[in-house]
> 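Here's a structure for you.
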2 protein chains.
Amino acid sequence: MNQAMPNVTRNTRQRAEVLALLREVEGFHSAQQLHQMLLARKAGVGLTTVYRTLQLLVDAGEVDSTRLPGGEQLFRRCSQSKHHHHLVCRDCGRTVEVAGPAVERWADQVAAQHGFVDVGHTLEIFGTCAECVR
Amino acid sequence: MNQAMPNVTRNTRQRAEVLALLREVEGFHSAQQLHQMLLARKAGVGLTTVYRTLQLLVDAGEVDSTRLPGGEQLFRRCSQSKHHHHLVCRDCGRTVEVAGPAVERWADQVAAQHGFVDVGHTLEIFGTCAECVR
DNA sequence: CATCTATCGACAACGACTACCAACACCACG
DNA sequence: CGTGGTGTTGGTAGTCGTTGTCGATAGATG
Ligand SMILES: [Zn+2]
Ligand SMILES: [Zn+2]
Ligand SMILES: [Zn+2]
Ligand SMILES: [Zn+2]
């Protein structure tokens, strides 16, 4: 007959391609950009699969995601697994990982002062990097 | 003949309606939500105009905007016109306006250290407010 | 190999948002 | 008050990122 247990993650060629690309790429990129790169290297991966794989990786904590002011979602494989934030170039996606212990404390403290619990935060710094200025 | 100076902001009924609504409403709402409210009160304001007016208000610093995790843009008339951030309850949407001069300086300084220019940032603190804990 | 089923992917659909453009209505001026 | 011009409106069509659909495909297990 059969048994119910729809919880197996398969090791497919497409997921390996996406992961390999993310390992070589620097900074944040959109799903569509990554898809274009995969096309360029003749990796056979559909756009839908790119989206799904990225979402899987985000859920698994393997990939960080942020959103452009326009709402577009960007993805990046992060080197650190601990909590940190990003300084991102609006034009080329170059990213610097930054840590601000003082900011973390400030955020928690402000929230506590107002009686908030289970506190989290989002913080992104945007700008144009030195390369893109020229 | 004529003179060139396309920089006059007119005082239209539609803009007054949007502003009046924003004055009565509490917390963050999407453009479409606000449009629905305007429909309900029989104010004749098109969706396009709602979007345009909100963008005007954001540019003028009269209204603050943030983005839902899904990317949808939310708007709120803020009591302060100067730069500040928000502490938002995940459950009820209650919002506290907070200011952190130290954070502002830190963000600009970090960006400058890495050669970034034209720098901006986003910062939101999320949590569960005292009311919603009970 | 055989079989089961998670996964793929081309395409359609969706939702937020914007461009278009002819009709409209502020408002400075006469 | 009229009137002219020009900033503004708004229905509609289109853009764009993202997700749903569903038959075809291909991992994994024995
Ligand atoms: Zn750059
Ligand atoms: Zn943090
Ligand atoms: Zn609450
Ligand atoms: Zn700030």
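Per chain, numbering begins at 1; letters A, B, ... match sequence-line order. Quick caveat, the model's predicted, so the values are computed rather than measured.
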> Would you indicate, yes or no, if D:dT18 has its OP1 or OP2 atom less than 4.0 angstrom from a side-chain nitrogen or oxygen of A:Y51?
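A:Y51 to D:dT18 OP1/OP2: side-chain N or O found under 4.0 Å.
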> Could you pull out all residues at least two apart from B:Q55 that satisfy side-chain hydrogen bond (donor to acceptor under 3.5 Å, both in side chains)?
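So B:Q55 forms a side-chain hydrogen bond (donor to acceptor under 3.5 Å, both in side chains) with B:D59.
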> Please check if any side-chain donor atom of B:T53 sits under 3.5 Å from a side-chain acceptor atom of B:Q14, or the reverse.
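Looking only at side-chain atoms, B:Q14 and B:T53 do not form any donor-acceptor pair under 3.5 Å.
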> What is the distance, rounded to the nearest whole Å, between atom CG of A:L47 and atom P of D:dT18?
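After rounding, the reported distance stands at 9 Å.
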> Spell out, yes or no, whether B:V88 and A:V119 are grouped together once hydrophobic residues are joined by side-chain heavy atoms under 4.5 Å, including indirect joins.
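Different clusters: B:V88 never reaches A:V119 through Ile, Leu, Val, Met, Phe, Trp or Tyr contacts under 4.5 Å.
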> Please figure out whether A:Q14 or B:G71 has its closest DNA chain C nucleotide nearer the 5' end.
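Comparing both residues, the 5'-ward one is A:Q14.
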> Over how many whole Å does the gap from B:Q36 atom CD to C:dG15 atom P extend?
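After rounding, the reported distance stands at 13 Å.
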> Starting from C1' on D:dG17, measure out to CD on B:E72 and report it in whole angstrom.
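Rounded to whole Å, this separation is 14 Å.
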> Base, sugar-phosphate or nothing for A:Q32? Non-hydrogen atoms, less than 4.0 Å.
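Counting heavy atoms under 4.0 Å across all strands, the contact made by A:Q32 includes a base.
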> Is there a donor and acceptor pair closer than 3.5 Å between the side chain of B:R52 and the base of D:dG10?
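Between D:dG10 and B:R52, which were checked side chain against base, a qualifying N/O pair under 3.5 Å is present.
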> With sequence neighbours excluded, what pairs up with B:F126 under the ring pair (Phe, Tyr, Trp, His ring centres under 6.0 Å) test?
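None.
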> Find the distance A:H35:NE2 to D:dT18:P and express it as a whole number of Å.
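Distance, rounded to whole Å: 13 Å.
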> Counting N and O atoms only, with roles assigned by atom type, does the side chain of A:R15 sit under 3.5 Å from a partner on the main chain of A:R10, one being a donor and the other an acceptor?
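Yes, because the side chain of A:R15 sits within donor-acceptor range (under 3.5 Å) of the backbone of A:R10.
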> Counting just side-chain N and O atoms, does B:R15 come under 4.0 Å of either OP1 or OP2 of D:dT8?
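Checking D:dT8 against B:R15, a side-chain N or O does come within under 4.0 Å of OP1 or OP2.
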> Sort me out a list of protein N/O and nucleotides 28-30 of chain D N/O pairs below 3.5 Å, or just none if empty.
from, atom 1, to, atom 2, distance (Å)
D:dA28, OP1, A:N11, N, 3.4

> In whole angstrom, what separates A:L54's CG from C:dG9's C1'?
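So the two atoms are 15 Å apart, to the nearest Å.
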> Write down the distance between CZ (B:R67) and C1' (C:dG15), rounded to a whole number of angstrom.
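In whole Å, C:dG15 C1' and B:R67 CZ are 13 Å from each other.
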> Rounded to whole angstroms, how far apart are CG on B:L74 and P on C:dA16?
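It is 11 Å, rounded to the nearest whole Å.
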> In a check of side chain to side chain donor-acceptor pair (under 3.5 Å) between B:Y51 and each of B:Q73, B:Q32, B:H35, which one passes?
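Single pass found, and it is B:Q32.
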> If the plane angle is over 60° it's perpendicular, under 30° parallel, otherwise tilted; pick one for B:H121 and B:H83.
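B:H121 vs B:H83 ring planes: perpendicular.
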> Select one nucleotide: of D:dT18, C:dG9, C:dA19, the one nearest the side-chain heavy atoms of B:T48.
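Nearest nucleotide to the side chain: C:dA19.
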> For the pair made of CD in B:Q33 and C1' in C:dA16, what is the distance, rounded to whole Å?
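Result: 13 Å.
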